[in-house]
Every structure is written in structure tokens, then in C-alpha cells.
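Comments concern the structure below.
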Amino acid sequence: MSMPVPLAQSGGGFFRDRAADSCVADNGICPGWILDNLDRYTTPLAQHVFLTVTSVAAGFVIAFALAVLAHRRRWLVGPVTNVTGILYTLPSVAVFFLLLPITGRGSLTAIIALTAYTLLILFRNVLAGLDGVPEDARDAGRGMGLSDRALLWRVEVPLALPAIMAGLRIATTTTVGLAALAFFAGAGGLGEPLEAQKAFKTNVLFAGGLCVALAVALDAAILLVQRRLTPWTRAA
Amino acid sequence: MDACGMTVLGSVLSTFGDGLDFIVRERTGRGGGQVGGPAENARLVWEHLKLCVAAMAIACAVALPIGLWLGHTRRGAFLAVSVSNVGRAVPSIALLFVFFAFLGAGFLNVTLALALLAIPPILTNAYVGVVEADPDAVDAARGMGMRGPQIVRRVELPLALPLVLGGIRTSSVNVVATATIAPLAGVVTLGDPIINPSIYGQEGRLGAAILVALLAVAAEAALAGVQCAVTPRALRRATGRPRRGRLIASPRRRVTTTP
């Protein structure tokens, strides 16, 4: 089991392209080459989106559950923060290879690692959001006869949404960046074309640019959802 | 646990055992040379740390003065905050390869790439730290006849120190992690056995992954200790939580309660 060698696989085509185009031969910045080779990036981009969305979604479910629990049982805050903090500290490349003997090469390994990275950010923000709900609002809810569960979903979570969404935005942008390393785990992503021709300026700029564009696009999408979900924040 | 489960568990454990063995015992690598063992791993850790310290030194030298100055003059709030948002969106590996493609391989170029990666959190935290310094304290200093640079050095910087160190800490952990992929740009670090299993073998890859993880946790713990130690005692007591600086350590980890 060894790393795939994309350069060797794609090398033939790559060097033929170079010969055909003097800009590429000079290792310049060649928009023409990008247009001719867009198909090199479509699959990695799709994998990148898949890894990011899956990991953030999984992380959100876990972190949200933990935060709701910790919101009720305060003693959980310390341990959960410490454990997720250590997970957050571990370098992703190391985690990919530490997971390999257990989960093997592929998307699963990458998703587990990326999910682990989102937990700290999401847990803190969800918890801060829930803690920031005014006591008056809670009292009013209780006065209306809401059960604990109804209070959570109909009062606390809606009021915590701005903080929760802010956490989602940070987690998503961070995950887009980390997913660029997922190719180490055999999960593809934009890191693969990036690494395959790492000395080729056009390639590194375009693949890197795609990562940044993806981060910005997902960030904007979440912001848009937040606006739709919290119309009251714009009223004032 | 059934027999099959035991076998899987056994093979996983023995794989990790091989990794640990690589750390403590030298062996003949796949390429024929001697690899692994305390001497080689110590050398790789040293190379790794050298790169990280160099990058952090440059990043601090650039980011701290700018962040403190922007905070002191209350200028460039947008710049100081958005620099870390932009920084978060740029993948470390992309930054590394952009430097590699444009400047070539080499210690200096990789150091510069890592430094650039480390700048945003340090800058933003220094800015936020100074901006959030108690305005009464700054007023009092001004009333005592202190001038701009004196106020920065003797009032704003000490008050901002926990946050400043939080930024340095975030960046350090990030730099230690990213230095792992430095061999892709021609600088040998602890990442070398991870990236070149053809020389070091699979056990080398796993052993180095364990070492890198330990190194990152150690860096985090050490800087958390420093951060705690430099937090003025009054600030610790005021919040009732000695690790206040930790909780709001960095913009990356900072809890954003407003959109």
C-alpha cells in the first residue's frame, strides 16, 4: 500500500501539453491551459465539496448534541472542551496516517479526521449561543407552558441561531482548508491536482484559488441561510 | 469479542507497535540505508523545530508591531479582522506550493510560506487585545503623562498579552502541523517519513505521525502554560478563571456570539 503517484499517471499528458504551449513550457501563468484542462479539476472539486459538507454536517450533529447536553449538565463543559481541544491540536496529516491502520484508505478516514476538527469550534459556538439566551425569554417560554424540549427548540435554539451559524461558517472555512490535505488519506480533493503538479505556477494558483473560492462560496451560502432563518436580526 | 474482531484488533495494535518501534530502534530502511531510531528521529525533530521557530520569529516580527500599532491607533479594524478570515480560507498546502512554484525549493522559501501562514492569527489577536484593553487604564496612563509608544509598551501590551500569546499559540500549532508537509517542497522535517514511506517504510510513516502529534500537543501545552503565566494576576482573579486567555485564545477558536 503506497501513495498514488499522480504525477507519473498524468505526467505523459502533462508534458505533452507543455510541449504544445510555450507559456506552459516557460512555467508562466496560462489561462489558456486552465480552460483546456478544466476537467482535471472537476472530480477533485466535487470530492472536496463532498468531504467538506459531510464532515461539517457530521460534526454539527455531534457538537450540537454535546452542547445541548452540556448546556443542561454544566460539568460536561470542561471535559468536552478539553477532548475536542486536543483533537483540534493534532495535525491533520498525522491523524490521517494514525487512522489508516484502523479505517483504511479512503473518504471515511478523511471524514472522521475532518469531523473531529469541527467539533471544538461548533461545540463552543452552540454552547455560547444557548448560554446567551436571555433568561427573560426562557421565563416567558416556561410561562406559556412549554416543556423543556419545546423550550429548547422553540425558544433557545432560534435565539442561539446567530452564534450557531457563526460557528458553522468558521468550521466550514477551516474544513475547506484542511480537506486540501485529504488526498493523503486517499480521499482525493483539490489537494490531489495541487500536489500532482506543484511546481507549475498556473496549476498551484488555480487549484489554490478554487479552494479559496469554495470557502468563500460556502461561507456566503451559510450567511444567506442565516439571513432567511433569522429575519428578526435585520428588523432593527 | 469474536475471533475475527480479535484478529483485526491484534493487527491494528501490532501496526502501532511497529510505529513505536521505529521511534526507539534503528532499522534498515527499504532504500537500504539505516532509518529510524532515537538519533535519526531526534535529528528530524530538530529540523522540524528549527523550521517552525524560524517561521514563527519572522511572523511575530512582522505581525506584532502591525497589530499593536493598528490597535493603538484604532485604525484598520476591517484589515485586522479580515486578514484572519482570508488566512483561514487559504489552505496551508496551497500556500506552500505557491511559494514552491514561484520561488523554488529551499529552507528560506518554506520558512517564508509558513511565516505568512502564521501572520493572520497573531496580527488579529494583537489588534483585538489592544482594542479591548481597559480604556480607563489607557486614560490613566495618558493622564500620567505617558506618550504613545510608552502607553503601548507599558499599558496596552501587558493588558493584551494573554490574547497576543493566544494568537502566537494558534499559529505555532498550525505551523508545527504544516511543517509536516514541508518535505513536499524540499525541506526535510518530521514529515519526511510520512511523505516518503518508500524510504522509511510503513512503520516509519506511523512512527513519525505519532511524533508529529506529540510535538503539536507539546507545543500547545507549553504555550498554554506561558500564556497562563504571563496573564497579569489581577486579570486572572477578575474573571475568576485562570484560563480566561485560553477560552478566548484566538479568532479561530474565538466564540463569535454576534454575526
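Chain letters run A, B, ... following the sequence lines, proteins first and then strands; every chain starts at 1.
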TODO: Could you tell me the separation between the CD atom of B:Glu220 and the CG atom of A:Leu90, rounded to the nearest 0.5 Å?
DONE: 10.0 Å

Open item on the list: I need the A:Gln197 CD to B:Phe97 CZ distance, nearest 0.5 Å.
Closed with: 11.5 Å

Task: Interface residue of largest heavy-atom contact number with chain B, from A:Thr230, A:Asp219, A:Leu205, A:Val176, under 4.5 Å - done: A:Leu205

TODO: Can you check whether anything in residues 101-117 of chain B gets within less than 4.5 Å of chain A, heavy-atom wise, and list it by number?
DONE: B:Ala101, B:Phe102

Task: CA sep, side-chain torsions, deciding dist, call: A:Thr173, B:Asn85, side-chain contact (heavy atoms from CB on, under 4.5 Å) - done: CA-CA 9 Å; A:Thr173 327; B:Asn85 287 335; over 6 Å; no

Task: Region of A:Leu218 that comes under 4.5 Å of a non-hydrogen atom in chain B - done: neither

TODO: Quick one: do A:Phe184 and B:Ile195 satisfy side-chain contact (heavy atoms from CB on, under 4.5 Å)? Show the steps, please.
DONE: CA-CA 9 Å; A:Phe184 279 115; B:Ile195 284 158; 4.0 Å; yes

Open item on the list: Nearest 0.5 Å, please: how far is OG1 in A:Thr172 from CZ in B:Arg88?
Closed with: 10.5 Å

TODO: Find the distance between CD (B:Gln202) and CZ (A:Phe97) and round it off to the nearest 0.5 Å.
DONE: 8.0 Å

Open item on the list: Nearest 0.5 angstrom please: A:Glu195 CD to B:Leu96 CG, how far?
Closed with: 10.0 Å

TODO: Report the distance from atom CG of B:Leu206 to atom CG of A:Leu100, rounding to the nearest 0.5 Å.
DONE: 8.5 Å

- [ ] Report the C-alpha separation of B:Val212 and A:Val93 in whole Å, then their side-chain angles, then the decisive distance to 0.1 Å, and conclude whether the side-chain contact (heavy atoms from CB on, under 4.5 Å) test is met.
- [x] CA-CA 9 Å; B:Val212 166; A:Val93 176; over 6 Å; no

Task: Under 4.5 Å from any heavy atom of chain B - which part of A:Ala180 - done: both

TODO: Give a yes or no on whether A:Arg74 atom CZ has more than 12 heavy-atom contacts from other residues, nucleotides or ligands under 6.0 Å away.
DONE: yes

TODO: Over all heavy atoms of both residues, which pair between A:Gly177 and B:Pro91 is shortest? Give the atoms and the distance, please.
DONE: O-CB, 3.7 Å

Open item on the list: Taking the side chain as everything from C-beta on, heavy atoms only, tell me whether A:Tyr88 gets closer than 4.5 Å to B:Val173.
Closed with: no

Task: Sorted by number, residues from residues 177-186 of chain B in contact with chain A (heavy atoms, under 4.5 Å) - done: B:Ala177, B:Thr180, B:Ile181, B:Leu184

Task: Smallest separation among heavy atoms of B:Ala89 and A:Ala215, with atom names - done: CB-CB, 3.8 Å

Task: Check: A:Val204 and B:Phe99 side chains under 4.5 Å, non-hydrogen atoms - done: no

